[in-house]
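This report refers to the structure that appears directly beneath it.
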Amino acid sequence: MLLDAISPLDVRLQNTGSRSTFVGPQGGSVIDLTFASDTLSERVKSWRVSDAYTGSDHRAIVFEFLPAGNRRSNPAPASRRKWSARMIDRDCFGEMMSGVEVRSACPERMADELMSALTRACDAFMLRGDGRRWHEHFCFCLDKSRFCLKAGFACNKWTEDIAECQRACLRARRLTQRARGRVSEATRREDFAVARRNLHEAIKASKRRCWKQLCDEADRDVWGKPYQTVMSCLKGPRGVSPGEPELVRQAVSTLFPRVATLRIRLPARTYEERIPEVSVVGLRGACRRVRDQAAPGPDGIPNLALKAAVGACKDVFRRVFTACLREGCFPACWKRQRLVLMLKPGKPAFEPSSYRPLCMLDTAGKLLERIIADRLEAFTKGPAGLADSQFGFRKGRSTIDAIQKVLSIAKAAISGKRYHRGTKKYCVIVTLDVKNAFNSARWNHILSALEKMGVPHYLRRIIASYFSDRVLEYCTDNGAETYSVAAGVPQGSVLGPILWNAMYNKILGLRLPGTVSIVGFADGIALTIVDKKLEDIKAAADDAIRLVRRALSELGLQTADQKTEVLLVTSRKLKESITLRAGDLDITSVPCIRYLGVHIDDKLRFDQHLKVVSEKAARVAGALSGLMPNIGGPRCSRRRLYTSREATGTHSYVRKAEAIHRCACLRAICGFRSISHDAVHVLAGTPPLVLLVDERSRLYEHSREDARSDATSDERAKTLEKWQTQWSATTKGRWTYRLIPSIAAWIERRHGEVNYYLTQRNPTAALDLTYVVQKTTQAARVRPAILQWRTSNMSSSTALDSWWKEKSFTA
């Protein structure tokens, strides 16, 4: 709150570290803060808390100022100075931006003027901070922090009752320590034990209360704070970007190699060349693709503010973007990219290659990139465009399509008979990985590929300008540094994927031996070789790998041979293997490989994949079960959302996966495990896992063939029909079937919630369920039966069953 209040003054907090600046009888805290203006903060040196005696509870704070002429060699990066869009005044912000005028005719100056006006508007109507979280500066009591962390809820305030119990506990402890060796020591120890017990009970009671509030909050916001809290337990520790200067510099030089790129001389603009201006529809489409909560670039301008500015002065943005396209100039202010290093899971932190580089770009530059990318797509889809075997970064193509193509070839190979003139063959799947692919792409090869596709001159000119003079900004413990980028496409950009596909198209268009087919997804390559003899497969595979490696070398890329995997797919019971040559390594086939997140085994049974995803689904189901207690928590309609989410990651015909889905459905209806499998799904209103997977498979086929809007409802009707047939034929859950014979009527009801009191197998629960059926079916004979049921005193299900048969009720 304090930082938000003083942020308009344009000052920075100088406190570093976590040492207490105030130490009193009851502990220490950080209550002494040092602020300095932007001009002075660059001269502040070595702020620290001293141990020198001051005669006060406040410790001495020592810092130095550099001379006025000398400043830090590495000033704080501009990305740390960003605005908070939570308190933006949209009306005033739009009013100020509506009066912006760009008077220059040079695209570089036009972009600078536009961004300067946008910065002034952000300063005027948004709070500005240094980008660090408030809890890094204000330290609370350690016990309170741990309590809040363990409780995990938004309303977890340190209540006055807990504070009073803590004071009483501390007072009793001090009295106990002072009573050592005295007559009252035993009494004091008993008092201290009682006070400590009261404190622990108060904390536990507060935790239970606040966790109940968290579960109830899931009823109002399903995917909000409660869901994020429980799902965060499944993630590993959050990776921290390295700050050691030598490690960061070495990682930057390794991930962003300096290469000698040959520049292509592009033809100058001619008057005959027609360059269409940016339309309002194109600008709105680019803004619509921008996510509101995405991280800003080096300029720190929030995406909400930028979208509001575009809506207020769309003509100014159109004029700037059109000038950039016609002059073939990508402004330098949008070429800066802020580096964020993400440690790969399971990799050592001291190796430069263990980090994944993400480049944060200005969102205004991304809008221009989106406009360029939309115009490039028209040429990549043409006859001279991208190959059909490329499935990455393309509309209408996904990992499922790539996996299905590989599996269809393998299934066709092992189908049929193996006898004389049979069709059964061997199939070998080889997956290749390119080393540091996106950061090693040569710019001249990309421009040459665009020229072959027939891309107009003006697009190639602005893309060449997009590549030139790119600057990478990164931070170390010694301050901010810059690095000149000489190759690659920024990971996190809009143009990067389509430019990579254009260059990589040469690999996917290779002429390989007749039995070899290639499938590409982004930088990954999968080769499938089919033949009746392993000797012929080995020869064809070695030739194909050699051709791919040579083509990659011509593009300045290299394969990571140690990551190459080989899978021999066969239907024979005899264990066989094959060894292929990849560079200087001999790669032997393994029983199972991982391709695009799917574990493919040599028999195409997917046992390993099912095991992995079932374990993952079990962890997710276990985490979500805490939000769905039997008594209290969100209502049934909210619980079913969590249940349906669990069904997406499991398979169909394995009992382990079905058991996980059953557990999720039990939590949805607040039931016990004594309920039968068929009745659980009916009460939860969720089809069995086999039917769900079959329905989604049919929906995927519909999405490939046509885009009918009623396909989902038609397929769900087919699923309900199959489900009803199974429900009527099964021998399980017959008591539930007497009350709910029609699944469609039960699911489509507009009233009533399934809760703990409804699903338990006792006379009261049966009465409640009868009441729900009465409201659903409007049976005339149910109401007097309920009155008779209230007067009867039957406590067993057998008596209830005989009573029901005696009345001859039908739902």
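Along the sequence shown, residues are numbered consecutively beginning with 1.
- W83 is listed as a side-chain neighbour of D123, based on a closest heavy-atom distance under 4.5 Å.
- Applying the ring pair (Phe, Tyr, Trp, His ring centres under 6.0 Å) criterion to F391, with sequence neighbours excluded, gives no partner residue.
- Judged as a side-chain contact (heavy atoms from CB on, under 4.5 Å), and not counting sequence neighbours, the contacts of A60 are S50, T54.
- Judged by distance alone, the side chain of R338 and the main-chain N or O of L361 form no donor-acceptor pair under 3.5 Å.
- Distance check: L118 CG to I301 CD1 gives 3.5 Å after rounding to the nearest 0.5 Å.
- One finds the CG atom of N478 at 8.5 Å from the CD atom of E244 (value rounded to the nearest 0.5 Å).
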Point to revise | side-chain contact (heavy atoms from CB on, under 4.5 Å) evaluation trace for M110 with S104 | key: CA-CA 6 Å; M110 294 174 70; S104 178; 4.3 Å; yes
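- The side-chain contact (heavy atoms from CB on, under 4.5 Å) test applied to A295 returns M360, not counting sequence neighbours.
- In terms of heavy atoms, G94 sits closest to A312 at O-CB, 3.5 Å.
- K335 places a side-chain N or O within donor-acceptor distance of the main-chain N or O of S468, the cut-off being under 3.5 Å.
- Looking at every heavy atom in both residues, T482 comes nearest to V471 through CB-CG1, 4.1 Å.
- Counting only distance, with no hydrogens or angles, the side chain of R19 and the backbone of V49 share a donor-acceptor pair below 3.5 Å.
- Listed by chain and residue number, W500 satisfy the ring pair (Phe, Tyr, Trp, His ring centres under 6.0 Å) test with F438 (two or more places apart in sequence, or in another chain).
- Listed by chain and residue number, nothing satisfies the side chain to side chain donor-acceptor pair (under 3.5 Å) test with D523 (two or more places apart in sequence, or in another chain).
- Evaluation of the ring pair (Phe, Tyr, Trp, His ring centres under 6.0 Å) rule for F379 yields no partner, not counting sequence neighbours.
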Exercise for review: Start with the C-alpha gap between D32 and I61, add the side-chain angles, then the distance that decides, and say whether side-chain contact (heavy atoms from CB on, under 4.5 Å) holds.
Suggested key: CA-CA 9 Å; D32 301 294; I61 298 174; 3.9 Å; yes
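- Residues L33 and L2 meet the side-chain proximity criterion, which asks for heavy atoms closer than 4.5 Å.
- Side-chain N or O atoms of T21 include one that pairs as donor or acceptor with a backbone N or O of I31 at under 3.5 Å.
- Applying the salt bridge (Lys or Arg N to Asp or Glu O under 4.0 Å) rule to R318 yields the partners E277, D315; only residues at least two apart in sequence or on another chain are considered.
- With sequence neighbours excluded, the residues forming a side chain to side chain donor-acceptor pair (under 3.5 Å) with R470 are Q337, listed by chain and number.
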Check your understanding: Can F317 and L283 be said to form a side-chain contact (heavy atoms from CB on, under 4.5 Å), step by step?
Key -> CA-CA 8 Å; F317 279 89; L283 183 60; 4.1 Å; yes
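- If you take CD on E327 and OG on S465, they are separated by 11.0 Å, rounding to the nearest 0.5 Å.
- Put simply, the side chain of T322 gets close to the backbone of V278: a donor and an acceptor are under 3.5 Å apart.
- In the model, Y458 has a side-chain atom that pairs as donor or acceptor with a side-chain atom of R375 under 3.5 Å.
- In this structure the side chain of P331 reaches within 4.5 angstrom of the side chain of C324, judged on heavy atoms.
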Could you give the side-chain donor-acceptor pairs of residues 248-258 under 3.5 Å, partners two or more places apart or in another chain?
{"unit_1": "R249", "atom_1": "NE", "unit_2": "E481", "atom_2": "OE1", "d": "3.1"}
{"unit_1": "R249", "atom_1": "NE", "unit_2": "E481", "atom_2": "OE2", "d": "3.2"}
{"unit_1": "R249", "atom_1": "NH1", "unit_2": "E246", "atom_2": "OE2", "d": "3.4"}
{"unit_1": "R249", "atom_1": "NH2", "unit_2": "E481", "atom_2": "OE2", "d": "2.7"}
{"unit_1": "S253", "atom_1": "OG", "unit_2": "R249", "atom_2": "O", "d": "3.2"}
{"unit_1": "S253", "atom_1": "OG", "unit_2": "Q250", "atom_2": "O", "d": "2.9"}
{"unit_1": "T254", "atom_1": "OG1", "unit_2": "Q250", "atom_2": "O", "d": "2.7"}
{"unit_1": "R258", "atom_1": "NH1", "unit_2": "S484", "atom_2": "O", "d": "3.3"}

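- Distance check: T380 OG1 to L386 CG gives 5.0 Å after rounding to the nearest 0.5 Å.
- Between the R442 side chain and the S440 main chain, a donor and an acceptor come within less than 3.5 Å of each other.
- In this structure, N501 contributes its side chain and Q390 its backbone to no donor-acceptor pair below 3.5 Å.
- Residue E95 places its CD atom among 12 or fewer non-hydrogen atoms of other residues, nucleotides or ligands, all under 6.0 Å distant.
- For W334 and D299, the side-chain atoms include no donor-acceptor pair closer than 3.5 Å.
- Closest approach of S20 to V30, counting heavy atoms only: CA-CG2, 4.1 Å.
- Among residue pairs with one or both ends in residues 97-115, those qualifying as salt bridge (Lys or Arg N to Asp or Glu O under 4.0 Å) are E101-R103; sequence neighbours excluded.
- Taking each heavy atom of V100 and V316 in turn, the nearest pair found is O-CG2, 3.7 Å.
- The list of salt bridge (Lys or Arg N to Asp or Glu O under 4.0 Å) pairs with a residue in residues 357-370, not counting sequence neighbours, reads R336-D362.
- A distance of 4.0 Å separates CG in L368 from CD1 in I372, rounded to the nearest 0.5 Å.
- Side chain of D374 to backbone of G282: no donor-acceptor contact under 3.5 angstrom is found.
- The line from CG of L459 to CG of L450 is 8.5 Å long, rounded to the nearest 0.5 Å.
- Contact between N439 and P357 at its shortest, heavy atoms only, is ND2-CG, 3.4 Å.
- With hydrogens and angles ignored, the 3.5 Å screen pairs no side-chain donor or acceptor of Y474 with any backbone N or O of L341.
- The stretch residues 281-293 participates, sequence neighbours left out, in these salt bridge (Lys or Arg N to Asp or Glu O under 4.0 Å) pairs: D292-K307.
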Review point. What's the verdict on side-chain contact (heavy atoms from CB on, under 4.5 Å) for R461 and C329, showing C-alpha distance, side-chain angles and the deciding distance?
Key: CA-CA 8 Å; R461 279 198 304 270; C329 174; over 6 Å; no
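- Counting all heavy atoms, side chain and backbone alike, M115 lies closest to A364 at SD-CB, 3.9 Å.
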